[in-house]
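Each ligand, and each atom within it, is numbered from 1 in the order the structure gives. Just so it is clear, the structure is predicted and the values come from calculations on it, not from any experiment.
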Amino acid sequence: MVTSEGVKYRARQLGFDLCGIAPAGAFPELRLLRQWIDRGYAGTMGYLPRTAERRADVRRVMPSARSVIVTGTVYNTGEPYSIERRDPGAAEIARYAQADDYHDVIGRRLDALVVWMREQHPESFDTRAYVDTGPVQERVYAQYAGLGWIGKNTCVINPGLGSWILLAEIVCSLLLEADQPALDQCGTCTLCLDACPTGAFIEPHVLDATRCISYLTIEYRGEIPQEHHAAVGNHVFGCDICQEVCPWNAMPATANGTWPSRGALSVPRLAELSARTDEQLAELIRGTPLARAGVNGLRRNITVALTNFKEGAGRGSAEL
Ligand code: B12
Ligand code: SF4
């Protein structure tokens with residue numbers, strides 16, 4: 001017999017930092033995705049409009065769904081934040097990407113959790129396991145599973161651990177006891193909205209992805225629009241600023257010993273990255289989230305960042 005308590009206990013044994021259960025339902029926040037897409041905020045991420053109908057209710061993904069088991073995995077490295085470093089010659093790589101690809105790492109843990117559930121429960125039941133790989137609005141289910149609230153920066157924030165958390169879920173046909181939804185604790189704070197270098201927040205909880213450095217350096221193909229070059233600064237893959245300024249990340253948890261961090265991706269020098277051949281760059285990013293941008297995408301980003309750095313140095317403010 002599978003119980004909520006049993007699943008949570010096993011999830012912790014497998015290396016997950018958080019685990020909660022949401023009922024499989026059509027929560028009101030899920031309806032907001034369609035409006036967001038219609039306002040053009042998804043940009044070229046065509047998979048979002050293509051799957052919007054299914055994303056509005058997890059039972060359209062798996063009709064027998066009754067529960068969504070949501071896990072959280074802390075990926076924080078413990079290195080200083082980019083806003084603390086103030087080193088324009090350093091290449092900023094988003095924290096989640098300074099490790100083996102989380103789809104593989106967390107995917108294996110999810111599979112192990114499903115295997116364990118099947119051992120506990122002799123009768124057949126349906127499951128679908130996703131790590132950012134399925135048509136599921138992961139943040140909404142995380143909030144309803146009690147993992148944390150959706151902050152003004154749109155990230156799920158856990159009151160004890162902060163927001164350096166990757167989400168993954170098992171949609172399941174078993175009826176498991178659900179957790180209470182997490183309560184919003186952002187209050188009147190607007191630090192994240194004010195800190196965004198590209199002004200990507202239209203209002204609290206609403207991000208225009210087409211302006212976000214994460215979108216521009218990871219998802220977007222083609223030249224990064226000139227109007228955003230300066231704001232991209234020294235970011236070569238993703239951006240963490242709206243989380244770095246968050247008071248809930250002032251004393252953040254760091255990843256547990258099972259997280260496969262890669263030291264070589266922790267603030268390399270821009271000049272050193274730029275001098276690498278394509279083969280050397282490919283070697284560096286193999287098996288990491290940076291492979292999503294590919295060597296060409298990464299080189300495009302390095303060129304923008306290095307130009308920013310050299311222009312800054314020309315004004316006498318930076319050292320190689
Ligand atoms: C597309 C996408 C992006 C896009 C768009 C991000 C965005 N904010 O919409 C881009 C490329 C910009 C991006 C960037 C990043 N991403 Co991303 N991304 C996704 C993805 C695949 C879908 C998100 C989505 O549908 N966005 C559209 C918006 C409208 O939907 P939403 O974010 O789910 O927001 C819901 C709520 O905000 C709610 N809502 C809307 N209005 C309001 C108002 C109120 C009051 C409330 C309470 C709720 C609410 O409704 C929305 C729709 O259901 C998810 C994985 C997944 N399948 O869910 C990962 C995911 C959200 N990303 C993740 C991460 C880690 C990042 C980055 C930190 C990576 C980086 N360092 O560069 C940044 C963070 C930037 C940011 N502030 O969001 C994690 C977030 C974990 C967390 N703790 O929240 C996810 C969950 C992946 C994962 N499996 O862990 N991402
Ligand atoms: S990740 Fe960076 S660019 Fe994107 S919304 Fe947050 S602060 Fe702005």
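Under the salt bridge (charged side-chain N to carboxylate O under 4.0 Å, His left out) test applied with E53, the options R60, R59, R31, R34 reduce to a single match, R60. Under the side-chain contact (heavy atoms from CB on, under 4.5 Å) test applied with I106, the options D111, V131, D132 reduce to a single match, V131.
At least one N, O or S atom of C239, from either the backbone or the side chain, sits less than 2.8 Å from atom 2 (Fe) of ligand 2.
Of the possible donor and acceptor atoms, one in the side chain of T288 sits under 3.5 Å from a partner among the backbone N and O of I285. At least one donor-acceptor pair under 3.5 Å links the side chain of R128 to the backbone N or O of V61. Using modelled atom types, one side-chain atom of K152 and one backbone atom of C189 make a donor-acceptor pair closer than 3.5 Å.
At the shortest separation from atom 58 (O) of ligand 1 among protein heavy atoms lies E138 N, 3.1 Å. Counting protein heavy atoms only, atom 8 (Fe) of ligand 2 is closest to C196 SG, 2.3 Å. Annotation: atom 25 (O) of ligand 1 to nearest protein heavy atom, Q137 NE2, 2.9 Å. Of the protein's non-hydrogen atoms, the one nearest atom 5 (S) of ligand 2 is L207 CD1, 3.3 Å. In this structure, atom 55 (C) of ligand 1 lies nearest to the protein heavy atom D132 OD1, 3.1 Å. Atom 15 (C) of ligand 1 has as its closest protein heavy atom S214 OG, 3.7 Å. When only non-hydrogen protein atoms are considered, atom 48 (C) of ligand 1 lies nearest to E29 CG, 3.9 Å. Ranking protein heavy atoms by distance to atom 5 (C) of ligand 1, first place goes to A209 CB, 4.0 Å. What sits closest to atom 41 (N) of ligand 1 on the protein, heavy atoms only, is L32 CD1, 3.3 Å. Among protein heavy atoms, the minimum distance from atom 4 (Fe) of ligand 2 is reached at C212 SG, 2.4 Å. The single protein non-hydrogen atom nearest to atom 6 (Fe) of ligand 2 is C242 SG, 2.4 Å, given as residue, atom name and distance. Residue, atom and distance of the protein heavy atom nearest to atom 3 (S) of ligand 2 are I213 N, 3.2 Å. At the shortest separation from atom 16 (N) of ligand 1 among protein heavy atoms lies R139 NH2, 4.5 Å.
Nearest-residue assignment for atom 75 (C) of ligand 1 (options C192, C212, P289; heavy-atom criterion): C212. Taking each of H235, M45, R34, E219 in turn, the one with a heavy atom nearest to atom 4 (C) of ligand 1 proves to be M45.
Close approach of ligand 1 to D240 is summarised as follows: ligand atoms under 4.0 Å from at least one heavy atom of the residue are 71 (N). Below 4.0 Å from some heavy atom of I165 lie the following atoms of ligand 1, by number and element: 81 (C), 82 (C), 83 (N). Using a 4.0 Å cut-off to heavy atoms of Q243, the atoms of ligand 1 that qualify are 68 (C). For ligand 1 and L207, the ligand atoms under 4.0 Å from any heavy atom of the residue are 6 (C), 7 (C), 8 (N), 76 (C), 78 (O). Shown in contact with C242 at under 4.0 Å from a heavy atom are these atoms of ligand 1, numbered in order with element: 77 (N). Counting atoms of ligand 1 from 1 in the listed order, those under 4.0 Å from a heavy atom of C239 are 70 (C), 71 (N), 72 (O). Of all atoms in ligand 2, numbered sequentially from 1 with element shown, those under 4.0 Å from a heavy atom of F201 are 5 (S). Close contacts between ligand 1 and L166 involve ligand atoms 90 (O) [criterion: under 4.0 Å to a heavy atom]. Which parts of ligand 1 touch G238 is read off a 4.0 Å heavy-atom cut-off, strictly below it: atoms 72 (O).
Ionic pairing of R85 and E79 is not present here: no N-O contact between side-chain nitrogen and carboxylate oxygen is shorter than 4.0 angstrom. Between R299 and D278 there is a salt bridge, with a side-chain nitrogen of the basic residue lying less than 4.0 Å from a carboxylate oxygen of the acidic one. Between R108 and D100 there is no salt bridge, since no side-chain N of the basic residue sits under 4.0 Å from a carboxylate O of the acidic one. Residues K8 and D179 are paired through a salt bridge, judged by an N-O separation under 4.0 Å between the basic side chain and the carboxylate.
Atom-to-atom distance recorded for W248:CH2 and L161:CG is 11.5 Å, nearest 0.5 angstrom. Remark: S214 OG to D240 CG distance equals 8.5 Å, nearest 0.5 Å. The SG atom of C246 sits 8.5 Å away from the OH atom of Y81 when rounded to the nearest 0.5 Å. Residue C172 holds its SG atom at 8.0 Å from CD1 of I21, rounded to the nearest 0.5 Å. Summarising the geometry, atom OG1 belonging to T254 is positioned 10.5 Å from atom CZ belonging to R95; distances are rounded to the nearest 0.5 Å. In this structure, CD on E227 lies 10.0 Å from OG1 on T198, to the nearest 0.5 angstrom.
For ligand 1, one of its N or O atoms has an N or O atom of T154 under 3.5 Å away. Taking only nitrogen or oxygen atoms, main chain and side chain alike, I218 does not reach within less than 3.5 Å of ligand 1. Among the atoms of L167, some N or O lies under 3.5 angstrom from an N or O of ligand 1.
Distances shorter than 4.0 angstrom occur between a heavy atom of R55 and an atom of ligand 1. Heavy-atom separations between V206 and ligand 1 are all 4.0 Å or longer. Close to ligand 1: Y47, with a non-hydrogen atom less than 4.0 angstrom away. Close to ligand 1: N153, with a non-hydrogen atom less than 4.0 angstrom away. Using a 4.0 Å heavy-atom cutoff, R95 is absent from the residues neighbouring ligand 1. Ligand 1 lies nowhere less than 4.0 angstrom from a heavy atom belonging to A168.
Because its NZ or CZ atom is not both nearer than 6.0 Å to the ring centre of F201 and within 45° of the ring axis, R211 does not count as a cation-pi partner of that residue.
The aromatic rings of Y96 and F237 are tilted relative to each other, their planes meeting at an angle between 30° and 60°. In this pair, Y75 and W259 present their aromatic rings tilted. The plane angle is within the 30 to 60° band. Ring pair Y215/Y220 is tilted by interplanar angle, where 30° to 60° counts as tilted.
Only the backbone of V136 comes within contact range of ligand 1, with a heavy atom under 4.0 Å; no side-chain atom does. Neither the backbone nor the side chain of Y215 has a heavy atom within less than 4.0 Å of ligand 2. Proximity of Y96 to ligand 1, defined as any heavy-atom pair under 4.0 Å, is confined to the side chain (atoms from C-beta onward). Here T198 has side-chain heavy atoms under 4.0 Å from ligand 2, and that is the only part of it that gets that close.
In plain terms, the two heavy atoms of R300 and L216 that are nearest each other are NH2-O, 2.9 Å.
Within a 6.0 Å radius of CD in E177, no more than 12 heavy atoms belonging to other residues, nucleotides or ligands are found.
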